[in-house]
Visitor: 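Below are the structure tokens for one structure; questions will follow.
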Amino acid sequence: MATRKPKAVPDDVAGIDHVERVDRGAVQSVNRALDLLEAIADASSPRGLSQLAATAALPLPTAHRLMQTLVHRGYARQEQSRHYTLGAKLIHLGDVASRLLGAWATPYLAELRDFTGESANFAILDDNEVVYVAQAGSRHQMRMFTEPGRRVLPHCTAVGKALLAELPTPEVQRIVSQNGLPPRTARTITDADEFLIHLKTIHRQGYAIDEGEQEVGVRCLAVVVPNATVPSAISVSGPAARMTAEHVERSIPVLHEIAGRLSTSLAEGDTA
């Protein structure tokens, strides 16, 4: 009787632990490592191994093996307390990803700028803050300028409020608890209950407006980029004298239309 030869194992699967598998193109060990990184990122302070394992729903030995690998590669760091934080290697990846996002968004921002006549922005929600990734500046002599990479608190910006309005209430409460609601101008909402009601209105109407809450005399209109992997929003901002109620009303459907096309482009990795 002929002996059956063992089935060849593809090179990209050969190194996977026998209890792990490839499911619809996803490697379980990679998913688990990413779950651990996200657990570290979501924590307000460094976390111990048992906490990370529980959050990621992993056996302790598996979490330990994966964390040791992440530390060795520089994507995580173990402090003297033996708690874990994110590693410096992620900074480079974040910088590259930010530049790519900006490159993808720029043609759409230019289109939005040309229609509205005002500065168009692309921003993401990262670590409880809004990060501006790209801008197409208005051609007016008096215009709003936001440097890519700038971080601001979300509660007083249109992009920030649009992004928070899409989050579950407990998550918003956590962010507000950590950040507070410090006033930037006399129009900034600083009461937590009032702010939550305001976010429900934004969610219902599908757009957010900053009525001089970040900068006196500046009005900003924002909508979220739907189905984005990273919470993202686009906006237009300009002097309130130019950003009239009629201007805002005309701009809302255009922002939604461009945000939808940008979402498709990001999903497809299309830079066109």
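Values below: every heavy atom of this structure, side chains too, minus hydrogens, waters and symmetry copies. In this text the structure is predicted, and so the values were computed from the model without any measurement.
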Visitor: Nearest 0.5 angstrom please: Thr69 OG1 to His64 NE2, how far?
Guide: 10.0 Å

Visitor: Please walk me through it: do Arg187 and Asp210 pass salt bridge (Lys or Arg N to Asp or Glu O under 4.0 Å)?
Guide: CA-CA 9 Å; Arg187 306 200 67 168; Asp210 162 13; over 6 Å; no

Visitor: Report the residues that fulfil side chain to side chain contact (heavy atoms under 4.5 Å, CB included) with Thr116, sequence neighbours left out, ordered by chain and then residue number.
Guide: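 Partners of Thr116 by the side chain to side chain contact (heavy atoms under 4.5 Å, CB included) criterion, ordered by chain and then number, come out as Leu112, Glu118, Val236, His247, Ser251.
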
Visitor: Taking only residues two or more places apart in sequence or in another chain, which ones pass side-chain hydrogen bond (donor to acceptor under 3.5 Å, both in side chains) with Gln173?
Guide: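 Residues passing side-chain hydrogen bond (donor to acceptor under 3.5 Å, both in side chains) with Gln173: none at all.
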
Visitor: With side chain to side chain contact (heavy atoms under 4.5 Å, CB included) as the criterion, how do Phe195 and Val176 come out once you've worked through the C-alpha distance, each side chain's angles and the decisive distance to 0.1 Å?
Guide: CA-CA 9 Å; Phe195 186 65; Val176 169; 4.1 Å; yes

Visitor: Tyr84 pairs by side-chain hydrogen bond (donor to acceptor under 3.5 Å, both in side chains) with which of Arg77, Gln78, Gln51, Glu79?
Guide: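 Testing each of Arg77, Gln78, Gln51, Glu79 against Tyr84, the sole residue satisfying side-chain hydrogen bond (donor to acceptor under 3.5 Å, both in side chains) is Gln78.
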
Visitor: Side chains of Asp35 and Leu58: closer than 4.5 Å at any heavy-atom pair?
Guide: no

Visitor: Show the nearest heavy-atom pair for residues Thr85 and Pro46, with the distance to one decimal.
Guide: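 Heavy atoms of Thr85 and Pro46 come nearest at CG2-CG, 3.3 Å.
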
Visitor: Can you give me the closest heavy-atom contact between Gly137 and Arg113, atom names plus distance?
Guide: O-NH1, 2.9 Å

Visitor: Restricting to non-hydrogen atoms, name the atom on Val130 and the atom on Ala123 that form the minimum distance, rounded to 0.1 Å.
Guide: CG1-CB, 3.8 Å

Visitor: Taking atom CD1 of Ile124 and atom CZ of Arg151, what is their separation to the nearest 0.5 Å?
Guide: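 One gets 7.5 Å once the value is rounded to the nearest 0.5 Å.
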
Visitor: Ignoring hydrogens and geometry beyond distance, is a side-chain donor-acceptor pair present between Thr244 and Arg219 at under 3.5 Å?
Guide: no

Visitor: Can you name the salt bridge (charged side-chain N to carboxylate O under 4.0 Å, His left out) partners of Glu38, sequence neighbours left out?
Guide: none

Visitor: If you group Ile, Leu, Val, Met, Phe, Trp and Tyr by side-chain heavy-atom gaps below 4.5 Å, do Val131 and Val225 land in one group?
Guide: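 Yes, one cluster joins them.
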
Visitor: Count I, L, V, M, F, W, Y as connected when their side-chain heavy atoms are under 4.5 Å apart, and connections chain through other members. Are Leu181 and Val216 then in the same cluster?
Guide: no

Visitor: Check step by step if salt bridge (Lys or Arg N to Asp or Glu O under 4.0 Å) holds for Glu257 and Arg261.
Guide: CA-CA 7 Å; Glu257 192 270 335; Arg261 287 194 283 115; 2.6 Å; yes

Visitor: For a side-chain hydrogen bond (donor to acceptor under 3.5 Å, both in side chains) check, start with the C-alpha distance between Ser235 and Asn121, then their side-chain angles and the critical distance, and finish with the verdict.
Guide: CA-CA 5 Å; Ser235 69; Asn121 310 285; 3.1 Å; yes

Visitor: Does Thr106 reach the side chain of Phe122, with side-chain heavy atoms less than 4.5 Å apart?
Guide: no

Visitor: Examine Ile40 and Tyr75 and state if one hydrophobic cluster contains both, with Ile, Leu, Val, Met, Phe, Trp and Tyr joined whenever side-chain heavy atoms are less than 4.5 Å apart.
Guide: yes

Visitor: Between Leu255 and Tyr108, is there shared hydrophobic-cluster membership here, with clusters defined by ILVMFWY side-chain heavy atoms closer than 4.5 Å?
Guide: yes

Visitor: Quick one, Arg47 and Thr55 - any side-chain contact, counting heavy atoms below 4.5 Å?
Guide: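 Touching, per the 4.5 Å side-chain cut-off.
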
Visitor: Compare every heavy atom of Thr188 with every heavy atom of Cys156, then report the nearest pair and how far apart it is.
Guide: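 Smallest heavy-atom distance, with atoms named: CB-CG2, 3.9 Å.
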
Visitor: Between Leu52 and Met67, is the side chain to side chain contact (heavy atoms under 4.5 Å, CB included) condition met? List the steps.
Guide: CA-CA 9 Å; Leu52 292 173; Met67 286 308 307; 4.3 Å; yes

Visitor: Partners of Leu60 by side chain to side chain contact (heavy atoms under 4.5 Å, CB included), sequence neighbours excluded?
Guide: Leu49, Ser50, Ala53

Visitor: If you define the side chain from C-beta out and look only at heavy atoms, does anything of Pro154 sit under 4.5 Å from Asn179?
Guide: yes

Visitor: Is the side chain of Ser263 donor-acceptor paired with the backbone N or O of Pro226 at a distance under 3.5 Å, no angle test?
Guide: yes

Visitor: Roughly how far, to the nearest 0.5 Å, is the CD atom of Glu111 from the CG atom of Leu262?
Guide: 10.5 Å

Visitor: Could you tell me whether the side chain of Leu167 reaches within less than 4.5 Å of the side chain of Ile175, counting heavy atoms only?
Guide: yes

Visitor: Distance from Tyr207 atom OH to His256 atom NE2, nearest 0.5 Å?
Guide: 8.5 Å

Visitor: Could you walk me through whether Thr201 and Gln205 pass the side chain to side chain contact (heavy atoms under 4.5 Å, CB included) check?
Guide: CA-CA 6 Å; Thr201 300; Gln205 67 191 15; 3.8 Å; yes

Visitor: For residues 159-166, tabulate all N or O donor-acceptor pairs below 3.5 Å that involve a side-chain atom, not counting sequence neighbours.
Guide:
unit_1: Lys161; atom_1: NZ; unit_2: His198; atom_2: NE2; d: 3.0
unit_1: Lys161; atom_1: NZ; unit_2: Ile209; atom_2: O; d: 2.8
unit_1: Lys161; atom_1: NZ; unit_2: Glu213; atom_2: OE1; d: 2.8
unit_1: Lys161; atom_1: NZ; unit_2: Glu213; atom_2: OE2; d: 3.0
unit_1: Glu166; atom_1: OE2; unit_2: His203; atom_2: ND1; d: 3.3

Visitor: Quick one: list whatever passes side chain to side chain contact (heavy atoms under 4.5 Å, CB included) with Pro253, sequence neighbours left out.
Guide: none

Visitor: Going from CD1 on Ile197 to CD1 on Ile202, what distance comes out if it is rounded to the nearest 0.5 angstrom?
Guide: 12.5 Å

Visitor: Would you check if Arg184 and Gln214 make a side-chain contact, meaning some heavy-atom pair closer than 4.5 Å?
Guide: yes

Visitor: Do Arg32 and Thr62 have side chains that approach each other closer than 4.5 Å (heavy atoms only, starting at C-beta)?
Guide: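 They are in contact (side-chain heavy atoms under 4.5 Å apart), so the answer is yes.
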
Visitor: Closest approach of Ser138 and Ser119, non-hydrogen atoms and distance?
Guide: N-OG, 3.0 Å

Visitor: With side chains defined as the heavy atoms from C-beta onward, is the minimum distance between Ile258 and Phe115 less than 4.5 Å?
Guide: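 No; the side chains remain at least 4.5 Å from each other.
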
Visitor: Run the numbers on Leu37 and Leu86 for side chain to side chain contact (heavy atoms under 4.5 Å, CB included), then give the verdict.
Guide: CA-CA 7 Å; Leu37 286 176; Leu86 296 178; 4.1 Å; yes

Visitor: Look up atom OG1 in Thr264 and atom CG in Asn227, then write down how far apart they are to the nearest 0.5 Å.
Guide: 8.5 Å

Visitor: Indicate yes or no for a side-chain donor-acceptor contact from Thr185 to the backbone of Glu215 under 3.5 Å, with no hydrogens or angles considered.
Guide: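 Answer holds: no.
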
Visitor: What heavy-atom pair brings Ala228 and Ser232 nearest, and what distance separates the two atoms?
Guide: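 Looks like CB-OG, 3.9 Å.
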
